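What follows is a short report on a single structure.
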Amino acid sequence: MRRFTEGVSIVLGGSAGQGIQTVEGMLVSVLKREGYRVFACKEYMSRIRGGSNSTEIRIGNDAPSAYVKRIDFLFALDGDILKHLESRLDDDTIVLGERERVCHDAKRCPVIDVPFGRFATELGNPIYTSTVAVGIVLGLLGIGKEVLGEYIREHFSRKGEDIVAKNIEAAGKGYDFGKHMAYDEGVEVSFGRDESVKEALLLSGDQALGLGALAAGCDYISSYPMSPGTGLLAFLAQYGKDFGVVVDQAEDEIAAINHALGAWYAGARAIVTTSGGGFDLMTEAVSLAGMIETPIVVHIGQRPGPSTGLPTRTEQADLNLALYAGHGEFPRAIFAPGTGQEAFMLMQQAFDIADRYQVPVFILSDQYFLDSLTSLSENSLEIRPVERHIVETEPEYKRYALTESGISPRGIPGYGTGLVGVDSDEHDETAHITEDAAVRVTMHEKRLRKIIGLRTDAIKPSVFGDISRAETVVVSWGSNRGVLEESLRILGHEDVAGLHFSQVYPLAKQGLKLLSGKHVIVLENNAGGQFAQVLKSEYGLSAVDTILQYDGSPFAIEDVVTNIKDMLI
Amino acid sequence: MIDTHRYDMPNGTDIAWCPACGNYPILTIVKQAFAELGISPDRAVMCSGIGQAAKMPQYLRINYFNGLHGRALPPAVAIKVANPELTVIAESGDGDTYGEGGNHFLHTIRRNPDITNIVHDNMIYGLTKGQASPTSSKGMKNPIQPNGVVVEPFNPIALAIANGATFVARANAGDIKESKEIVKSAILHKGYALVDILQPCVIFNKINTYQWFKEHTYYLDENYRSHDRMEALRIAFDLDRLALGIIYQQAGAPTYETLVREGNDPLHTRHFEVEKLRKLITSFR
Ligand SMILES: Cc1ncc(C[n+]2csc(CCOP(=O)(O)OP(=O)(O)O)c2C)c(N)n1
Ligand SMILES: [Mg+2]
């Protein structure tokens, strides 16, 4: 007898092109509509067909929000996936698949035979395999037959009644099979539902950022494709038209960011999206933005480097890159979302801060975050009014007028009667080139002063647990929010609290109070402890421990729990 | 006499060009073309890269985006898209446009935005003190190739025509009157317009002097059919005698800004409907 009352981890694995994405999409939607809290994440190879890819779907009572290594059910679509996931399988894992496909040696086959393909063929077309598979999973869990029917009607009605009917039949066959199998294997699943989840949104990191960009009044994106940064470009290409967003696929990343700067200069609100390698090419223009004080928002979807690295995997090793990109000295701000809600909010914040302070602003995400799906409540997505920080110019207008805050009112060409010049050479208040040392010092200090306001406006970190009592504080940034929150819940240790930073530079001063005198452990996906260094330099902390991982996969909850325990002794 | 005073900088403005530099007549050409077309300085933007030529927007009254070496074209394209009501000029040197910015040159031509690209072609890197540029003639001695440039020069005119540019012209900085007419036509052209202006560099380029340009150029006559692409290419490949005037012109091609956006309103005047966004968000249930 296998009973699942807290949660379950289901993994679908096979080769690229076998329809895992379709199964995942249907399953997750149906589960959410039934009121189950779900989380899904994926890992895949850098190829279009073949290889071994897998998607993990977690259902749980306590809002699952991170990757676990444990696999309760593995749906294996081919044999290679067993080898690929070997280290994650144990005696408790129930492996399901078509025996003749999965096992070369039928005698020693640990796989429960599930004939997805045969059912589909009986229905006249292998394309129903995905629907059969969804039916089987739901049958096994004893969940959602009706809702699956609804979902099929909604999504397939365009293709005609026959297709709808066939898919419903496929789903039914799968469901009944799954139900019997659960009985035969003694599987029983029962966990909590939440009515509010039925109405919740189901968003990937990409989608949350894309919606956030629309909410921010983004009206221009120029980019060059590079995984995993491309999703945001594709999102705005798909949905941006109704919002008047200009979408431009540039000839290279250098063009992309120079387009974006031109667009901002002329009054638009522009973004570029890329990954570390593409961003390398943009760095000269980041420095340009610092000098001409034209706002810019840059999204970097991180993946493991150096160089081409692991194109489809995850890492958080481009924090230093964003922090130091561009020659010379100039202020900037860096955000890193850890939830869909943070992504939506930070996009708006990024545009506002870039516009208000006329500095480059970065959003650092990663493959794991961008590809993960979670449910979140619609009310948690606040749409703030778009404030355009531009002024109508007059004949005497000076683009770089000296001010106490360092922020010169930003005019744009064609709005007002003044002239708006920007210059990459050192310049005076009127944007004219100068080599006067005194003017240089004045202008440099004016630009650098903006960091004071940026620091005051920095977003406070989020606290998990009772931080005032805790001796140890585990720190996360960006995509590790979920894994930290869940790990601490599992650990249930009063002496350990968590602190999550969604703004990683400059740091809000409140964080220092929360961390001083504590045993600080930083959790990050890189080898150098890059955020640990930022904590030291920003807060002056002397000793910071780290839990680091840089194998291209996200942290698993099990590993984080063990690691934290080991560090408590 | 054309009155260009509305574009003039105040007396005493320090100009970083050498005496007798070919950039001075180009400045005059541009100001006169603006004046005759009645372009208001506050409705026009000049984008430039880095180099002696690229300092141009510093020396006249206009909105300007003086960005990075090689990157005059990308901001120019985006400015036109963000506000199609502006007259947008990208103005830079031969090294800037054809060397460092070569990829933008290729792909901006393909987009055909309604901008004018004026290239000060002195066949040398002036600002960095006389190295070869993409258009330097083969054999030209310079500090980096003391025995002379070893490769054939870049042919911007032929490349632009072959790549689908809708307006391609060559002018001579030494002839203000004719060059001004060419620049005017380029600005009036709806679409990407290239004007490669032959420009003497009196300090570093001892080959391509005012005199040399006079001797090696001729004007296309009235009978020349600038709409004939093959004929234009033939003219473009003639490097012994460099043709001056509008070498190729094609009217009616759609411009980039009309392809990627609707209307002519500056983007900053737009507001999205919050209700529409709410609806889109709800669709992700
Ligand atoms: C990225 C970068 N590389 C190199 C330079 C140095 N640099 C400045 S101008 C220039 C060449 C300019 O040649 P051209 O565009 O023909 O202009 P000219 O000075 O001849 O008018 C170079 C190499 C730079 N400023 N930026
Ligand atoms: Mg030159």
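These numbers come from a predicted model, not from an experiment. Letters A, B, ... mirror the listed sequences (proteins, then strands); counts begin at 1.
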>> Heavy-atom cut-off 4.5 Å, strictly under: side chain, backbone, both or neither for B/L106 against chain A?
In response: neither
>> Please classify the contact between A/A285 and chain B as side chain, backbone, both or neither, with a heavy-atom cut-off of under 4.5 Å.
In response: both
> Can you name the residues of residues 24-41 of chain B that have some heavy atom under 4.5 Å away from a heavy atom in chain A?
Replying inline: B/P41
>> Closer than 3.5 angstrom, by distance alone: can the side chain of A/S287 be matched with the main-chain N or O of A/G326 as a donor-acceptor pair?
In response: no
> For B/R110, is it the side chain, the backbone, both, or neither that has a heavy atom closer than 4.5 Å to a heavy atom of chain A?
Replying inline: neither
> Do you know which of A/L288, A/T393, A/T294 has the most heavy-atom pairs under 4.5 Å to chain B?
Replying inline: A/L288
> Is a side-chain N or O of B/T135 found less than 3.5 angstrom from the main chain of B/D121, in a donor-acceptor match?
Replying inline: no
> Just checking heavy atoms, which of residues 73-101 of chain B are less than 4.5 Å from chain A?
Replying inline: B/P74, B/P75, B/V77, B/A78, B/I79, B/V81, B/A82, B/N83, B/L86
>> Using heavy-atom distances under 4.5 Å, tell me whether A/E199 contacts chain B through its side chain, its backbone, both, or neither.
In response: both
>> For the backbone of B/Y7 and the side chain of B/T4, can you confirm whether one donor and one acceptor N or O come within less than 3.5 Å of each other?
In response: no
> Minimum heavy-atom separation for A/E253 to A/M282, with atom names?
Replying inline: O-CG, 3.6 Å
> Are the side chain of A/Q341 and the backbone of A/L381 linked by a donor-acceptor contact shorter than 3.5 Å?
Replying inline: no
> What are the two closest non-hydrogen atoms of A/M443 and A/H427, and how far apart are they?
Replying inline: CG-O, 3.1 Å
> Ring centres of A/F235 and A/Y239 under 6.0 Å apart?
Replying inline: yes
> Would you call the rings of B/F167 and B/H189 parallel, tilted or perpendicular if under 30° counts as parallel and over 60° as perpendicular?
Replying inline: tilted
> Of the backbone (N, CA, C, O) and the side chain (C-beta and beyond), which part of A/I292 lies under 4.5 Å from a heavy atom of chain B, both, or neither?
Replying inline: side chain
> Should A/I271 and A/Y220 be marked as a side chain to side chain contact (heavy atoms under 4.5 Å, CB included) after you check the CA-CA gap, both sets of side-chain angles, and the distance that decides it?
Replying inline: CA-CA 6 Å; A/I271 189 169; A/Y220 208 110; over 6 Å; no
>> With a 4.5 angstrom heavy-atom cut-off, is it the side chain or the backbone of B/M46 that approaches chain A, or both, or neither?
In response: neither
> Around atom NZ of A/K398, are there more than 12 heavy atoms of other residues, nucleotides or ligands at under 6.0 Å?
Replying inline: no
>> Heavy-atom pairs under 4.5 Å with chain B - which of A/L203, A/I383, A/T417 has more of them than the others?
In response: A/I383
> Given that the side chain runs from C-beta out, which part of A/L261 has a heavy atom under 4.5 Å from chain B: side chain, backbone, both or neither?
Replying inline: both
> Given that the side chain runs from C-beta out, which part of A/V386 has a heavy atom under 4.5 Å from chain B: side chain, backbone, both or neither?
Replying inline: side chain
> Pick from A/I433, A/V245, A/I257: which one has the most heavy-atom pairs with chain B under 4.5 Å?
Replying inline: A/I433
> Would A/Y224 and A/E251 satisfy side chain to side chain contact (heavy atoms under 4.5 Å, CB included), going step by step from the backbone distance to the final call?
Replying inline: CA-CA 7 Å; A/Y224 186 88; A/E251 57 269 27; 5.9 Å; no
> Can you say whether A/A200 sits under 4.5 Å from chain B via the side chain, the backbone, both, or neither, judging by heavy atoms?
Replying inline: backbone
>> Ring of A/F351, cation from A/R269 - is the NZ or CZ under 6.0 Å from the centre and inside 45° of the axis?
In response: no
> How close do B/P156 and B/D196 get, heavy atom to heavy atom, and via which atoms?
Replying inline: CG-OD1, 3.8 Å
> Among A/P413, A/A260, A/G267, which has the most heavy-atom pairs under 4.5 Å with chain B?
Replying inline: A/P413
>> If I compare all heavy atoms of A/A354 with all of A/V297, which pair ends up nearest, and what's the gap?
In response: CB-CG2, 3.9 Å
> Where the side chain of A/Y397 meets the backbone of A/T430, is there a donor-acceptor pair that is under 3.5 Å apart?
Replying inline: no
> Are any of the side-chain heavy atoms of B/H104 and A/D252 separated by less than 4.5 Å?
Replying inline: yes
> Highest number of heavy-atom pairs under 4.5 Å with chain A: which of B/R61, B/Q58, B/M9?
Replying inline: B/Q58
> Given the options B/R111, B/R278, B/K55, which has more heavy-atom pairs under 4.5 Å with chain A than any of the others?
Replying inline: B/R111
> Of A/L373, A/T374, A/V197, A/L202, which is the lone residue that meets side chain to side chain contact (heavy atoms under 4.5 Å, CB included) with A/V38?
Replying inline: A/L202
>> Using a 3.5 Å distance criterion without hydrogens, assess whether the side chain of B/N112 forms a donor-acceptor pair with backbone atoms of B/P254.
In response: yes
>> Which residues in residues 11-21 of chain B have any heavy atom closer than 4.5 Å to a heavy atom of chain A?
In response: none
>> Tell me if a side-chain donor or acceptor on A/D352 pairs with a main-chain N or O of A/Q348 at a distance below 3.5 Å.
In response: no
> How far apart are the closest heavy atoms of A/M291 and A/Y400, and which atoms are they?
Replying inline: O-OH, 4.3 Å
>> For A/L214 and A/F344: C-alpha separation, side-chain torsions, deciding distance, then whether side chain to side chain contact (heavy atoms under 4.5 Å, CB included) applies.
In response: CA-CA 9 Å; A/L214 293 177; A/F344 187 79; over 6 Å; no
>> Suppose a student defines contact as a heavy atom less than 4.5 Å from any heavy atom of chain A. Which residues in residues 259-277 of chain B would they list?
In response: B/V260, B/R261, B/E262, B/L267, B/H268, B/R270, B/F272, B/E273, B/V274, B/K276, B/L277
> If only atom types and distance count, is the side chain of B/R43 paired as donor or acceptor with the main-chain N or O of A/G414 below 3.5 Å?
Replying inline: yes
> Any sub-3.5 Å donor-acceptor pair from B/Q131's side-chain atoms to B/T128's backbone N or O?
Replying inline: yes
>> Heavy-atom pairs under 4.5 Å with chain B: which of A/I412, A/D425, A/V247 has the most?
In response: A/I412
>> Can you tell me which portion of A/K198 sits under 4.5 Å from chain B's heavy atoms? Options are side chain, backbone, both or neither.
In response: neither
>> Please check: side-chain N/O of B/N66 versus main-chain N/O of A/D423, any donor-acceptor pairing under 3.5 Å?
In response: no
>> Give me the atom names and distance for the closest heavy-atom approach of B/F105 to B/A160.
In response: CZ-CB, 4.3 Å
> For A/A270, is it the side chain, the backbone, both or neither that has a heavy atom under 4.5 Å from a heavy atom of chain B?
Replying inline: neither
